[in-house]
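A quick write-up on the structure given underneath.
Residues: numbered from 1 along the sequence shown. These numbers come from the heavy atoms of this one structure, side chains and all, not from hydrogens, waters or symmetry mates.
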Amino acid sequence: MKFTVSREKLLKALQRVNSTIGSRNTLPILGNVLVEAADNVVSLTTTDLEIRIMTRLDAEVEIAGATTIPAKRLLALVNNFEDAMVTISSDERHHAEVTCGTSCFKLLGIAPEDFPGAGELNVIRTITFKGADLKRMLGQIIYAITLNDSRKVLHGMLFSMHDNLVTMVATDSKRLAMTERNVENVSGSNGDCIIPLMAAQEIKRQANPQEDVTLEIGEKSARFSTADTVLLTKLIEGNYPNYRQVIPADFKQQIPIATSALLGKIELVQQVLADSTGCVVLNFTEGKLELRAASNEIGEGSAELPVEFSGDPLTASFNPAFLADPLRFADCEIMTFKMNDGFSPVAIDGGDGFVYVIMPMRH
């Protein structure tokens, strides 16, 4: 195998696939990137056996072939090279020679036949998203996924498709984030699946807002495809909790609040909290919201915000991090706080299909 490629293009491609490379791979081959060259196209593939990422790039292929190369070493070299073009070749022992300008390195490879295969995906439903829409929807919810719960189903996000309505849900059992959107390009049967956190994070990171992303779902795995990159992930098996029953049907108060202004006040008053167990108290009275926080170790503080509120005063306490998350990630200018009292679930509604449900703290 021998090919020459733009250093810049190769660097971006290696950055796309390197996230699956862990520091504690039990199999040496999982630390390598599969490099395949043919017909002036080079494909790079990595896997941790749960997620598989493959990306393609144009190159000048002199000799078609394949090898596997230590992924992190190759990325580090290409990142530090200074010339515009990189040439990679491999010998019969699958060792690679990597040259750029006057720099030349030899990296010991492993036979490409040892690299794990992709497996079959029998597609039962297909959805095509605009990249910007998918990126936004994932950003609105994935911070609420937890890996600390013994229930494996909570280690991912629920992806539900019914007719043209796509619903994504994440919860750590203390709060719930949900986003819904009608999508035009849909085929196949309705149904639910659970996409692991790492796969959701990778798609959010890699999706180009200007390009479409196609999602193909099978029984046990799913495939996300963009113009040049394909991510294949195993799905989490099991039944996701009934998230609809967590969202109250009616509310006595609906209070629209400017997102960035409220986030700023939360970040301000939480400065007096000593650790993550502290709370921020929201006190709604006629025309205003007062935020208060206090700790025995540091002191106390308060800040006010004008809001459209009338009626009996309403007070509720919240974990400041949980309260700030939807304001930080939901990408909505106005959030409507829907409340009944200071003890029942509170819904924070972005008005565009995004809803976040949080329980007030008791103290």
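A donor-acceptor contact shorter than 3.5 Å is absent between the side chain of Asp83 and the backbone of Met85. Between the Tyr356 side chain and the Phe322 main chain, a donor and an acceptor come within less than 3.5 Å of each other. Under the 3.5 Å distance criterion, the side-chain polar atoms of Asn40 are matched with a main-chain donor or acceptor of Val61. Using a distance-only test at 3.5 Å, with no hydrogens or angles considered, a donor-acceptor pair links the side chain of Gln271 to the main chain of Glu267. Formation of a donor-acceptor pair under 3.5 Å by the Thr68 side chain with backbone atoms of Ile110 is found in this model. With Asn319 contributing its side chain and Ala321 its backbone, the two residues share a donor-acceptor pair below 3.5 Å. A side-chain donor-acceptor contact under 3.5 Å links Gln140 to the backbone of Ala330. Not a single donor-acceptor pair under 3.5 Å links the side chain of Thr126 to the backbone N or O of Ser187. Side-chain atoms of Ser295 come within 3.5 Å of backbone N or O of Val272 as a donor-acceptor pair. No donor-acceptor pair under 3.5 Å is formed between the side chain of Asp133 and the backbone N or O of Phe129.
Applying the side chain to side chain contact (heavy atoms under 4.5 Å, CB included) test to Glu308 and every residue at least two apart in sequence or in another chain returns Pro256. Residues passing the side-chain hydrogen bond (donor to acceptor under 3.5 Å, both in side chains) test with Lys338, sequence neighbours excluded: Asp349. Applying the salt bridge (charged side-chain N to carboxylate O under 4.0 Å, His left out) test to Arg175 and every residue at least two apart in sequence or in another chain returns Asp172, Asp325. Partners of Asp228 according to the side-chain hydrogen bond (donor to acceptor under 3.5 Å, both in side chains) rule, which considers only residues two or more places apart in sequence or in another chain, do not exist here. Scanning for side chain to side chain contact (heavy atoms under 4.5 Å, CB included) contacts around Ser302 gives Glu290, Arg292, with sequence neighbours left out.
Going from atom CG of Leu77 over to atom CZ of Phe105 covers 5.0 Å, rounded to the nearest 0.5 Å.
Val186 and Phe159 fall within a single hydrophobic cluster, where Ile, Leu, Val, Met, Phe, Trp and Tyr are joined by side-chain heavy atoms under 4.5 Å apart, directly or via other members. At a threshold of 4.5 Å between side-chain heavy atoms, the hydrophobic network of Ile, Leu, Val, Met, Phe, Trp and Tyr places Val42 and Phe115 in two separate groups.
Considering every non-hydrogen atom in both Met335 and Gly350, the closest pair reads SD-CA, 3.9 Å. For the pair Pro112 and Leu34, the tightest heavy-atom approach, listed with the atom from each and the gap, is CB-CD1, 3.7 Å. Between Met359 and Ser344 the shortest heavy-atom distance is SD-C, 4.2 Å. Minimum heavy-atom separation, Cys279 to Met361: CB-SD, 3.6 Å. The shortest non-hydrogen separation linking Tyr240 to Val153 is CE1-O, 3.5 Å. Counting all heavy atoms, side chain and backbone alike, Phe81 lies closest to Val86 at CD1-CG2, 4.0 Å.
Between the side chains of Arg56 and Ser43, no donor N or O sits under 3.5 Å from an acceptor N or O. The closest side-chain donor-acceptor pair between Gln254 and Thr336, if any, does not fall under 3.5 angstrom. Judged purely by distance below 3.5 Å, without hydrogens or angles, the side chains of Thr259 and Glu333 never pair a donor atom with an acceptor atom. Looking only at atom types and distance, the side chain of Thr20 has no donor-acceptor partner in the side chain of Thr47 under 3.5 Å away. Glu286 and Ser310 share no donor-acceptor pair across their side chains, judged by distance under 3.5 Å alone. Side-chain N/O atoms of Thr315 and Asn283 include a donor and acceptor closer than 3.5 Å.
In this structure, Glu60 places its CD atom where only 12 or fewer heavy-atom neighbours from other residues, nucleotides or ligands lie under 6.0 Å away. Enclosure of atom CZ in Arg73 is not indicated, since only 12 or fewer non-hydrogen atoms of other residues, nucleotides or ligands lie within 6.0 angstrom. Counted within 6.0 Å of CG on Asn239, heavy atoms from surrounding residues, nucleotides or ligands total 12 or fewer; the atom is thus considered open. Asn296 CG: 12 or fewer foreign heavy atoms inside a 6.0 Å radius.
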| task | Kindly indicate, with the supporting measurements, whether the criterion side chain to side chain donor-acceptor pair (under 3.5 Å) is fulfilled by Thr55 and Thr229. | result | CA-CA 4 Å; Thr55 191; Thr229 302; 2.9 Å; yes
| said: What verdict does the salt bridge (charged side-chain N to carboxylate O under 4.0 Å, His left out) test give for Glu219 and Lys234, after you've listed the backbone C-alpha separation in whole Å, the side-chain angles of each residue and the deciding distance to 0.1 Å? | reply: CA-CA 9 Å; Glu219 289 291 346; Lys234 289 183 179 177; over 6 Å; no
| said: Go through it in stages, so that I can follow the logic: the residues are Cys104 and Glu97, the test is side chain to side chain contact (heavy atoms under 4.5 Å, CB included), and I'd like the CA-CA distance, side-chain angles, deciding distance and then a yes or no. | reply: CA-CA 7 Å; Cys104 182; Glu97 187 172 88; 3.7 Å; yes
| task | Step by step, work out the side chain to side chain contact (heavy atoms under 4.5 Å, CB included) result for Thr99 and Lys106. | result | CA-CA 9 Å; Thr99 60; Lys106 193 162 195 174; over 6 Å; no
| task | Give the C-alpha distance, both sets of side-chain angles, the deciding distance and a yes or no for side chain to side chain contact (heavy atoms under 4.5 Å, CB included) between Gln201 and Ile203. | result | CA-CA 6 Å; Gln201 289 173 326; Ile203 294 304; over 6 Å; no
| So Val166 and Met168, side chain to side chain contact (heavy atoms under 4.5 Å, CB included) or not? Walk me through it. | CA-CA 7 Å; Val166 168; Met168 300 181 193; 4.3 Å; yes
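The salt bridge (charged side-chain N to carboxylate O under 4.0 Å, His left out) analysis of residues 147-171, with sequence neighbours excluded, yields the pairs Asp149-Arg151.
Between Pro70 and the options Leu75, Ile21, Asn32, a side-chain contact (heavy atoms from CB on, under 4.5 Å) holds for only Asn32. Considering Thr226, Val230, Thr128, Ile127 in turn, Thr128 is the only one that fulfils the side-chain contact (heavy atoms from CB on, under 4.5 Å) rule with Thr214.
Residues Asp212 and Lys130 form a side-chain contact, since some pair of their non-hydrogen atoms from C-beta on lies under 4.5 Å apart. Side-chain contact between Met157 and Ile194: absent, with no pair of heavy atoms (C-beta onward) separated by less than 4.5 Å. Side chains of Thr179 and Asp352 form no contact here, defined as non-hydrogen atoms less than 4.5 Å apart.
For the pair Arg223 and Glu120, the salt-bridge criterion is not met [side-chain N within less than 4.0 Å of a carboxylate O]. Using a cut-off of 4.0 Å between Lys/Arg side-chain N and Asp/Glu carboxylate O, Glu304 and Lys288 are scored as salt-bridged.
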